[in-house]
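The structure appears below as structure tokens.
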Amino acid sequence: MSRRHIHLDVVGGIAGDMFVAALTDAVPELRRRVLDDVAAVLPPAAGTSHFMEGTSAGLTVLRFGLEGHHHHHHDAGHHHHDGSGSYRHMVDLIRAAPLAEGTADHAVAILTVLAEAEAFIHGVPMGDVHFHEIGDWDSLMDVVASGSIIAALDATWSMSDLPLGGGRVRTAHGLLPVPAPATARILDGFEWRDDGLGGERVTPTGAAILRHLAAGSTRSGGKLTGTGMGAGTRDLPGMPNILRALVFDPAASAGSPGEAQTVVVLSFDIDDMTGEEIGIAADRLRDADGVLDVALTSLSGKKGRPLTEFRLLVRPEALEAVQRLCFIETSTIGLRWRAEQRSTLERRADQSTSDIRVKRVNRPGGATTGKAESDDLASIESLAGRRAAKSEAER
């Protein structure tokens, strides 16, 4: 199954709470998981996280925040002397909590991006980094909630260019120009735009989330299956302060007739493997992630030697891994590949009355055709018997 793709439109900006709100607005079934994961990490005194519906510049948006706790301001006098603001302590809290699968890894990765930037800017070892900016429970909540979402979606990501903002932001080191030093360091290499509106548009936590996601960043289309708008706390003049998420399902889009989808055709010839070895290799390759089909053709090579041509249909993103597998599972020393466009009809599997699975396809013009799964016919004795069962099932 090909992975979902999510595009982030950084309209007003991005902060941890905006990311969480946008994605849970687009994929509402994530909300329960997010609230459970946050509750597992935050001490009761910190309050509970919740979602609020609201508006920003007249658009309906979702917001995410803490309720029922005293909100500290990041002023110079506000330090945690018990080590609770340290990178190490926060990682320990995350690792110790009973979180949904994958949440801790992504949350710690985001936190590590932040800590590395802070450590570099202040010239201290990472273990000594104290998150003055995120000494508050808010930020731990945002990091854990974001990690929960990223783990649950297992998507590929892309993002628009980022708003530069302007003016100054209050940090633990006094007033500094926007983007804050940590944000600027984390987002080195990203595309920015100046839309003329000031303020801190991208926060360090927002930046760390983008940097963490950028590792899997690709552009990809698909059927649009969800949109979400997460809003920040501030209002911007003349623009909604939102982060918009667009969720695409590449698998769903393969079905509309005539719509092209790129596949890679990968082929190679074998002249020194036994029939048995070829059979095993073909099965291994067929089961590999991203392989859509494996076809074998018998050819006659030089001096009349028999050749077997392997032809694989591969999803573009899996090409490298599948190439490696071809070299491991077969004796080939060279591969050829080319990208091709394909269009497929949407298939759905039905069970016929006799427990034989049938692939049904809707053809343009309203006709429906079916094809019985050959594996399900294999147990029936005699060719005639299998043919009779097949036509019965397909009817």
Side-chain angles (χ1 to χ4, degrees), residues 1 3-56 59-69 71 93-94 97-111 134 136-157 159 203 205-206 208-210 212-213 216 222-233 240-249 252:
M1 152 94 204
R3 293 161 76 189
R4 272 192 278 203
H5 179 78
I6 297 165
H7 180 71
L8 300 174
D9 275 320
V10 188
V11 183
I14 181 169
D17 59 336
M18 292 171 78
F19 176 79
V20 175
L23 270 305
T24 48
D25 188 32
V27 189
E29 60 268 27
L30 291 176
R31 290 186 200 183
R32 185 72 262 154
R33 172 183 168 129
V34 167
L35 295 174
D36 289 347
D37 275 352
V38 169
V41 171
L42 288 190
T48 50
S49 60
H50 68 135
F51 293 102
M52 298 149 285
E53 312 244 320
T55 59
S56 177
L59 287 173
T60 303
V61 295
L62 194 63
R63 289 189 172 87
F64 174 68
L66 267 181
E67 58 185 353
H69 86 138
H71 189 89
L93 278 179
I94 293 170
L99 301 172
E101 198 186 341
T103 297
D105 289 343
H106 286 287
V108 168
I110 294 166
L111 206 54
I134 74 165
D136 229 299
W137 292 119
D138 281 30
S139 302
L140 180 62
M141 166 183 82
D142 290 345
V143 164
V144 169
S146 300
S148 185
I149 287 166
I150 296 165
L153 287 172
D154 183 35
T156 56
W157 300 81
M159 52 228 47
T203 66
T205 305
I209 291 167
L210 290 178
H212 176 59
L213 293 177
K223 183 184 284 186
L224 185 63
T225 57
T227 64
M229 292 198 275
T233 38
N241 185 18
I242 59 161
L243 171 70
R244 180 173 72 156
L246 300 175
V247 182
F248 296 96
D249 183 350

Tell me which donor-acceptor pairs under 3.5 Å the side chains of residues 34-45 have, and how far apart each pair is, sequence neighbours excluded?
residue, atom, partner, partner atom, Å
D36, OD1, R32, NE, 3.4
D36, OD1, R32, NH2, 3.1
D37, OD1, A100, N, 2.9
D37, OD2, T103, OG1, 2.6
D37, OD2, S148, OG, 2.7

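Taking every heavy atom of both residues into account, A151 and G102 meet most closely at CB-C, 3.5 Å. Between G65 and M52, the shortest heavy-atom contact is N-CE, 3.8 Å. Of all heavy-atom pairs between G16 and T205, the closest is CA-CG2, 4.1 Å. In terms of heavy-atom proximity, F248 sits nearest to H7 at CE1-CB, 4.2 Å. Pairing each heavy atom of I110 with each of S146, the nearest pair is CD1-CB, 4.0 Å.
In this structure, the side chains of N241 and M18 come closer than 4.5 Å at one or more pairs of heavy atoms. Looking at L66 and W137, their side chains come closer than 4.5 Å, going by heavy atoms from C-beta outward. Side chains of L153 and V247 form no contact here, defined as non-hydrogen atoms less than 4.5 Å apart. For the pair L243 and D9, the minimum side-chain heavy-atom distance is 4.5 Å or more.
Partners of A109 by side chain to side chain contact (heavy atoms under 4.5 Å, CB included), not counting sequence neighbours, listed by chain and number: H212. Residues meeting the side chain to side chain contact (heavy atoms under 4.5 Å, CB included) test with A104, sequence neighbours left out: I94, R95, L99. Contacts of A231 classified as side chain to side chain contact (heavy atoms under 4.5 Å, CB included), with partners at least two apart in sequence or in another chain: S56, V61, R63, I242. Residues meeting the side chain to side chain contact (heavy atoms under 4.5 Å, CB included) test with D25, sequence neighbours left out: R31, L62, M229.
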Inset, instruction - Please test V27 against T225 for side chain to side chain contact (heavy atoms under 4.5 Å, CB included), starting from the C-alpha separation and ending with a verdict. - result: CA-CA 9 Å; V27 189; T225 57; over 6 Å; no
Inset, instruction - Start with the C-alpha distance between T24 and F64, add both sets of side-chain angles, then the distance that settles side chain to side chain contact (heavy atoms under 4.5 Å, CB included), and finish with yes or no. - result: CA-CA 9 Å; T24 48; F64 174 68; 6.0 Å; no
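The environment of E29 atom CD is dense: over 12 non-hydrogen atoms of other residues, nucleotides or ligands sit within 6.0 angstrom.
For the ring-ring contact (aromatic ring centres under 6.0 Å, His included) condition, the pairs that include at least one residue of residues 19-50, sequence neighbours left out, are F19-W157.
Atom CZ of R4 and atom CG of D249 lie 7.5 Å apart (nearest 0.5 Å). With rounding to the nearest 0.5 angstrom, the CD1 atom of I6 is 8.5 Å from the CG atom of L213.
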